[in-house]
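Per chain, numbering begins at 1; letters A, B, ... match sequence-line order.
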Amino acid sequence: PPKTPASAPPPPVAKPAVFIPVNRTPEMQEERLKLPILAEEQAIMEAVAEHPIVIVCGETGSGKTTQVPQFLYEAGYSSEDSIIGVTEPRRVAAVAMSQRVAKEMNLSHRVVSYQIRYEGNVTEETRIKFMTDGVLLKEIQKDFLLLKYKVVIIDEAHERSVYTDILLGLLSRIVALRAKRHLPLKLLIMSATLRVEDFTQNQRLFTTPPPVIKVESRQFPVTVHFNKRTPLDDYSGECFRKVCKIHRMLPAGGILVFLTGQAEVHALCRRLRKAFPFRCSQPQEKEEDSAEGMRRFKKSRTRARKAQAMALPQINLDNYSVLPAGEGDEDREAEMDDEEEALGSDLDLDLGDSEANEGEQPDASLPLHVLPLYSLLAPEKQAQVFKPPPEGTRLCVVATNVAETSLTIPGIKYVVDCGKVKKRYYDRVTGVSSFRVTWVSQASADQRAGRAGRTEPGHCYRLYSSAVFGDFEQFPPPEITRRPVEDLILQMKALSIEKVINFPFPTPPSVEALVAAEELLVALGALQAPPKQERMKKLQMSQLSCPITALGRTMSTFPVAPRYAKMLALSQQHGCLPYTIAIVAAMTVRELFEELDRPAASEKELAELKGRRARVAQMKRTWAGQGPSLKLGDLMVLLGAVGACEYAGCSPQFCQANGLRYKAMLEIRRLRGQLTTAVNAVCPEAGLFLDPKMQPPTESQVTYLRQIMAAGLGDHLARRVQSEDLLDPKWKNAYKTPLLDDPVFIHPSSVLFKELPEFVVYQEIVETTKMYMKGVSTVEIQWIPSLLPSYCQFDAPLEEPAPSYCPESGQVLCHRASVFYRVGWPLPAVQVDFPEGIDRYKYFARFLLEGQVFRKLASFKSCLLSSPSTMLKTWARLQPRTETLLRALVAHKADSRDSLLAAWKKNPKYLLAEYCEWLPKAMHSDVEKNWPPTTDS
DNA sequence: TGGGGATTT
């Protein structure tokens, strides 16, 4: 571009010349005009034209997800060979948004398309592509510069999913690289909150902070009411009382309750149904009920108005503004809330605070349509919440966190927020996970409140005081700081990002997490081990920069956790692949079995549940089998379940009968398909296909599978405590692991619970009342040193059995005893490669002289001036030919057949003189003629 | 002898 004088105004920004017309329907046009973001179109497009990276902030309801891609399309940011990419953190959102935008633009899904893990409708004509963030990350592996995109939009960046974070780090570099190539890429980051400092104030991520454009949202106002006091632990009971009051006293409008888990949700549903029964089986009465319901609603509204009139503000004689902050402060805020309620809200929730049990009396005149909602709930039951409630009833959805971001329920006017959330925690050192209920963040609480204002002004009742709210974290910590990162690190290494610590993470994971990831990947053989002297402690010093290995590259193409990817990489033998694929798919999809442990509402339901539980337990035993097959443990159950379910055509009936989650089984089926394709891609000769009638593995295959599982789960090995440790009763039936001081146990749901094998590997440890291993499989002690050498510390090579030469590998072998790392479990001696060092050269020299390495040399053996075994004698130095030969081998690092062949390739005369020293002069010319002795005969 | 929320390649 031509240079402009410094004083002149900046040159006109190159804008796309084309404006692509869009043929929207008049109705659509009208709908669009209501969206506040339309007022910002110019500002956004100017910012995009002038800056490579732009941040757009707007809450839900601003229309940014649907409109910004359209702005870009109309401005010509897509063309024949380049498209607009939009990432979403969830599959449903990617699909739904593509459909929505296609409809708004009156374009076919061939033009506005989506791509998610298992499916997509992208075509040659695609101009706008919605996808999950993980899909775009995988695409970067194939095309680092993302050349087919002219714009990438990262939506919901505030949610800080791990893939979003990695994408932002990568895109900051890709944008720079594309600029250098004069193929500029625009990056738009869309966030629902103004929490963007992690993006704007992060010099390493974006050297110049990108501009932030704020967009108003079209939300209805939500009045927030805090509790005066915060219940100590019974927030479920508090929810119940609040819902009762809302239902009795406030006008029509759906209620959404936030709780923390399945059991709580079901318990509250039962209690509410009992309090406000709804007889749907009697349609005639239902009519009456509904009429009666309406009457009661009206009556309750009048009652509320009266209550409001009586609760006009009163001077509080205890309220002195000189009171120090603290208790008094909280009360003052609560009173302000009271005033607000009295003035602005038609409910005085303090009425009847003392009558805690008033709601327990069934009140059939006020039917409440109570529905549970959580992620693992069957989709058809989830769908109930989207339907309008039966006439004359009020909808009340009791939900977990799914309702905060993933699912939006229509018609909600009241939100009841317990303020808690259940989260998974990982111990950074041991990897043990646990689930804990904690306070939410202020951002989450606000997001929950916002759910009341989607269709009309609403109310949010927070069951905690404003002071407690003030102590909440402002935002939830990004996911990448809360979980192990070995999968992400492997992906990054596959992108040739070696010094992971220098990667511009928006928020970096802890150094411990990075080190743990790198250590695991090294142990799995996915990364090259750092030089020995730098091992372990200095790993951190070497800046976490282990490069990826060929195995690691293969593993990175398998879309599963690295431990499981290792299993797949190992399974191309003995026909194990189809089985490993099934097991890995089942381990990857969480919660195979339906939760049947809930208390029953009736005798009939209790009997049914009992029956189903017994049936599932029986099936688990059947799938695990007896004898050798049982030793594969819970992983055999997974294999049996997948095999049996697929054999039955994966029907909902089969799943229902056997306590399997239909949705989980479908996901496993699709994942098996994807893994089969992935394995065929790196190993076409496998000729793998999905066999719906897969036969059970043979006895020997089960044994191989156990070894494959152990090789992938090597860092998850546990050993039954020895009898001498049993003095302390807390160690009864317990296992010891290398990283934990405390006992761990086989989970009671495991088929190996009563077997108590000496060595097991486990899928994970979850801490509840105890530390429990889940997904357990047995291991034979003699497998450990050969399958998991990186976790064993080996003793010196044994003299008996003596070291030997392996004609297949061309390596020196020996037997070595070992102990397992950190716990020092003694392991039996097994045959392994002779360790590097001078002794390996000595043995190799001996086998070379004996003619074991190259048969041509065998003919000279009888003429040797010293016995080959001299190489190993302590007095070998007394014979100079041993030293000469040894030095020559060491000089060229020739301690195996292959390394010797390599040396001869460079210099065919190599080792000739040194070898001749071992033979009488008369034979030297004969040797010379046959040198190097690499051909047989 | 048992307690698990929400995502994704």
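- A cation-pi arrangement, defined by a distance under 6.0 Å to the six-membered ring centre and an angle within 45 degrees of its axis, is absent between Arg482(A) and Tyr426(A).
- Protein chain A contacts DNA chain B from dT1(B) to dT9(B), reading 5' to 3' and using non-hydrogen atoms of the protein with a distance under 4.0 Å.
- When the ring pair (Phe, Tyr, Trp, His ring centres under 6.0 Å) test is applied to Phe505(A), the partners found at least two apart in sequence or on another chain are Phe503(A).
- Scanning for salt bridge (Lys or Arg N to Asp or Glu O under 4.0 Å) contacts around Arg454(A) gives an empty result, with sequence neighbours left out.
- For Glu404(A), the side-chain hydrogen bond (donor to acceptor under 3.5 Å, both in side chains) partners at least two apart in sequence or on another chain are Ser444(A), Arg448(A).
- Nucleic acid contact for Tyr374(A): sugar-phosphate only, since backbone atoms but no base atoms lie under 4.0 Å from a heavy atom of the residue.
- Heavy-atom distances under 4.0 Å link DNA chain B to Thr260(A), Gly261(A), Gln262(A) of residues 255-270 of chain A, given in residue order.
- Not a single side-chain hydrogen bond (donor to acceptor under 3.5 Å, both in side chains) links Lys64(A) to another residue, sequence neighbours left out.
- Using a 4.0 Å heavy-atom criterion, one finds that Val766(A) contacts the bases of the nucleic acid, with or without backbone contacts as well.
- Using a 4.0 Å heavy-atom distance criterion, Glu88(A) is classed as making no nucleic acid contact.
- The nearest heavy atom of DNA chain B to Glu595(A) and to Gln674(A) marks one nucleotide each, and the one closer to the 5' end goes with Glu595(A).
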Check residues 766-773 of chain A and write down every donor-acceptor pair under 3.5 Å in which the side-chain atom is one partner and the other belongs to a residue at least two apart or another chain.
none

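- Along DNA chain B, the nucleotide nearest to Val560(A) and the one nearest to Arg482(A) differ in position, and the one closer to the 5' end is contacted by Arg482(A).
- If you check every strand for non-hydrogen atoms under 4.0 Å, Arg91(A) touches sugar and phosphate atoms only.
- Looking at heavy-atom distances under 4.0 Å, Arg90(A) makes contact with sugar-phosphate atoms alone, never a base.
- Listed in residue order, the members of residues 769-777 of chain A having a heavy atom less than 4.0 Å from DNA chain B are Thr769(A), Tyr772(A), Lys774(A).
- Tyr762(A) has its ring centre no less than 6.0 Å from the ring centre of Tyr735(A).
- Taking Glu139(A) as the reference, Lys129(A), Lys148(A) meet the salt bridge (Lys or Arg N to Asp or Glu O under 4.0 Å) condition, with sequence neighbours excluded.
- In this structure, the side-chain hydrogen bond (donor to acceptor under 3.5 Å, both in side chains) partners of Arg615(A), at least two apart in sequence or on a different chain, are Asn658(A).
- Nucleic acid contact for Glu591(A): base, since at least one base atom lies under 4.0 Å from a heavy atom of the residue.
- For Arg669(A), the salt bridge (Lys or Arg N to Asp or Glu O under 4.0 Å) test picks out Glu646(A), with sequence neighbours left out.
- Looking at heavy-atom distances under 4.0 Å, Ser406(A) makes contact with sugar-phosphate atoms alone, never a base.
- Partners of Glu594(A) according to the side-chain hydrogen bond (donor to acceptor under 3.5 Å, both in side chains) rule, which considers only residues two or more places apart in sequence or in another chain, are Arg612(A).
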